[in-house]
Amino acid sequence: MKCLVAGGNVKVLGKAVHSLSRIGDELYLEPLEDGLSLRTVNSSRSAYACFLFSPLFFQLYQAATPGQDPPRCKILMKSFLSVFRSPVMLEKTVEKCCISINERSSRLVVQLHCKYGVRKTHNLSFQDCESLQAVFDPASCPHVLRAPAKVLGEAVLPFPPALAEVTLGIGRGRRVILRSYQDEEADSTVKAMVTEMSIGEEDFQQLQAQEGVAITFCLKEFRGLLSFAESANLSLSIHFDTPGRPAIFAISDCLLDGHFVLATLSDPPPNSQDLLSLEARRPAPQLQAHSTPHLDDFASDDIDSYMIAMETTVGSESSRTLPSTSLSPGLQPLCHSEEEEEDEAEAELSTVPGTPPAQEVPLPVLWLHPGPRTLPAAPQPRAG
Amino acid sequence: MKFRAKIVDPACLNHFTRVSCMVAKLARACTLRIRPQKLNFILADTAAGGGVSMWCELPQENFFSEFQMEGVSEESNEIYVELTSENLFRALKTAQNARSLKVKLTNKHFPCLTVSVELSSASNSSRMVTHDIPVKVIPRKLWKNLQEPTVPDSDVSIYLPVLKTMKSVVEKMKNISNHLIIEANLNGDLNLKIESELVCVTTHFKDLGNPPLAPKASTQDRDPEQMVEVHVDIRKFLQFLAGQQVNPTKAVCNVVSHRMVHFDLLHEDVALQYFIPALS
């Protein structure tokens with residue numbers, strides 16, 4: 001195998017590695033007929049990402065030494081990332097990048113040809129491996145959103161960096177809503193700020209989903225792909241189905257395509273009666289209030305409960321101290337039975353060799369299977 | 001109990017964001033007191049906070065184009081809510097270049113201060129961000145702990161030098177000691193001093209001037225050159241300095257010998273008082 005990347009494409013490759021590094025600790029590098037594929041999966045198998053760089057992306061692309069099977073290697077993400085650590089350095093000093101395999105020493109060799117004849121050579125150890133492949137098909141997802149990455153990037157900007165999951169859905173007036181997801185099991189005494197972003201349909205290039213649909217997924221991985229897509233100035237499409245089914249985030253241009261497959265939470269978001277209620281039959285009164293930009297809803301707030309709370313506490317001055325929880329009489333604990341969904345998640349655990357023992361996050365896993373070693377590499381990695 | 005307010009002017013919005021930034025740097029959690037004319041951000045003096053307290057006051061009309069409130073009752077027309085200052089700052093930060101911003105009290109399963117922002121986007125489409133900041137409504141019986149602190153009779157009152165200069169000095173001192181000695185006299189001299197086993201570092205500020213205050217009887221016949229000192233936790237002082245993004249129009253430091261230091265700042269129309277207790 002030998003690939004030569006030149007000029008600005010080195011930075012693109014580096015950015016792709018950065019966004020992959022947000023997901024997994026191991027990178028699967030596989031030269032295919034139709035390009036170089038870089039893939040990763042996270043330890044809980046709830047997120048999978050792949051980039052396919054077409055042969056045109058390279059100045060020189062040779063998938064396999066004639067007469068030999070193309071290699072498939074698994075390398076540590078950390079070591080591969082360290083080659084592309086600094087995007088500024090890649091942009092300013094690196095002129096060419098050559099990726100090849102040294103058969104004799106069993107090393108993946110990444111050479112950076114820099115300005116002034118400086119050449120940096122990284123010899124990375126790798127493991128021979130099966131092909132990593134997730135089973136997914138964007139075409140089978142009934143709902144599609146597509147927007148310039150910039151729009152989506154601005155949409156996630158207001159959310160705190162520490163926020164784990166976000167709910168994406170379609171609200172009243174076909175507005176696209178992003179809302180911070182709060183784990184109900186989290187310490188209920190410390191309530192976090194809830195942020196909601198609502199964007200008009202006109203900012204989207206495609207919006208194929210009816211009002212009321214919503215999914216919840218991890219924000220960190222999504223941000224990873226977004227930062228790549230933003231730097232490449234691409235559009236990003238989101239293909240999704242019902243909650244619990246994986247969502248597919250896709251970007252593509254003539255030289256590369258990228259797919260991130262993220263598990264979604266299978267239970268509807270909590271407080272769903274005031275959010276984008278997932279079932280259309282349930283009314284979403286507060287969503288309406290939020291999503292209609294010009295509606296001045298000051299008057300419609302249920303502030304009376306404050307009055308009651310206030311009077312209760314003031315009244316207690318002479319008698320006894322009420323716990324502060326009495327201040328929120330409107331708080332209704334929400335209950336969800338999650339047992340069934342957990343079972344389902346267990347059942348979906350696939351048996352990939354070297355599967356980490358247990359899932360870490362309560363997200364349903366994706367279907368993964370190792371590509372058979374004997375078959376020629378699949379022309380479309382996403383086709384499974 | 002009702003509260004709603006609106007900001008449309010970008011300069012007012014920026015100013016309000018700056019205030020919230022300052023508050024977030026000074027206090028992790030604070031009390032927002034809402035009255036018909038004024039807003040206050042209050043950090044009460046508690047043992048958990050190490051005795052530091054803050055009192056920030058702003059007239060609402062200089063910020064809000066619309067402001068409506070209804071307090072607990074007619075005779076006590078006030079609202080006190082406790083919130084995480086960082087949340088408010090984060091919410092306001094997303095409102096840069098916004099068309100308008102609304103703040104209101106709401107009840108969404110729990111009491112919230114809801115900040116809704118109408119963003120302006122390039123494509124002239126409408127984008128809205130809503131932040132529900134959880135708040136704790138403070139009952140009336142606890143209000144008495146949240147009143148304007150009385151300024152103690154100080155031994156020396158002195159104008160502060162440029163805060164940025166002080167900050168860079170104190171930042172370096174912090175590496176050597178976490179114990180800062182603030183000394184000042186009635187002759188316009190201010191010293192910042194640290195002492196360790198190996199080194200003693202003093203930075204002298206001269207000719208700062210003293211505000212014309214009615215001096216205490218005890219200071220009446222005191223030598224203007226005589227220094228009054230107070231020992232404080234350097235981190236608390238630095239936190240105060242770090243919170244000041246803009247040099248204030250007026251900055252006065254009142255030293256109560258061996259008891260506390262009180263800072264009285266005025267940023268345009270926002271008044272800030274900050275109290276740091278002396279180390280025993």
Side-chain angles (χ1 to χ4, degrees), chain A residues 150-151 154-155 157-160 175 177-180 188 190-203 270-271 274 286 289-294 296-299 301-307 309-314 316-318 321-322 324 326-334, chain B residues 1-6 66 68 70-73 76 79-84 86-88 90-91 93-95 99-100 102-119 121-143:
Chain A
K150 190 167 171 280
V151 169
E154 284 169 2
L157 206 60
F159 294 92
R175 294 181 69 80
I177 313 266
L178 278 160
R179 186 182 234 250
S180 34
S188 59
V190 191
K191 290 193 187 65
M193 176 164 75
V194 175
T195 298
E196 184 179 299
M197 179 85 187
S198 147
I199 306 171
E201 190 183 356
E202 60 276 16
D203 278 347
N271 305 344
D274 79 341
Q286 298 231 1
H290 279 196
S291 323
T292 317
H294 300 291
D296 196 341
D297 56 337
F298 279 138
D301 285 313
D302 171 27
I303 227 72
D304 284 347
S305 50
Y306 282 94
M307 307 287 282
M310 216 54 207
E311 290 320 308
T312 325
T313 4
V314 171
S316 72
E317 245 182 284
S318 53
T321 317
L322 281 176
S324 58
S326 67
L327 290 172
S328 29
L331 182 65
Q332 299 285 331
L334 290 154
Chain B
M1 206 159 54
K2 286 178 201 246
F3 168 59
R4 61 167 189 161
K6 189 172 176 178
E66 254 179 65
Q68 290 179 25
E70 211 173 89
V72 176
S73 64
S76 37
I79 300 171
Y80 288 76
V81 291
E82 192 183 298
L83 51 88
T84 306
E86 178 73 24
N87 281 346
L88 182 65
R90 210 186 275 280
K93 218 168 55 174
T94 62
R99 277 186 209 149
S100 73
K102 286 178 202 164
V103 191
K104 61 192 169 179
L105 270 182
T106 56
N107 191 14
K108 301 184 173 178
H109 304 292
F110 46 88
C112 285
L113 188 71
T114 297
V115 177
S116 354
V117 182
E118 195 190 331
L119 295 173
S121 70
S123 58
N124 208 30
S125 61
S126 75
R127 289 187 202 171
M128 294 278 296
V129 189
T130 313
H131 302 274
D132 293 326
I133 304 168
V135 296
K136 218 159 79 186
V137 180
I138 298 176
R140 214 183 303 182
K141 63 175 172 178
L142 298 176
W143 288 8

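Chain letters run A, B, ... following the sequence lines, proteins first and then strands; every chain starts at 1. These numbers were taken from a predicted model, which means no experiment stands behind them.
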side-chain hydrogen bond (donor to acceptor under 3.5 Å, both in side chains) involving B/T94 - partner list, sequence neighbours excluded:
B/H131
A/M193 side chain near B/T84 side chain, heavy-atom distance below 4.5 Å
no
Where A/A192 and B/P134 come nearest, the two heavy atoms and their spacing
O-CG, 3.5 Å
Name the residue from B/V129, B/I133, B/V115 that meets the side chain to side chain contact (heavy atoms under 4.5 Å, CB included) definition with A/T195.
B/V129
Once rounded to the nearest 0.5 Å, what's the spacing between atom OG1 of B/T130 and atom CZ of A/R179?
8.5 Å
Once side-chain contact (heavy atoms from CB on, under 4.5 Å) is applied, do any residues pair with B/Q68, and if so which ones, sequence neighbours excluded?
B/R4
Tell me, do A/S198 and B/R127 make a side-chain contact under 4.5 Å, heavy atoms counted?
no
What part of A/L157 lies closer than 4.5 angstrom to a heavy atom of chain B: side chain, backbone, both or neither?
neither
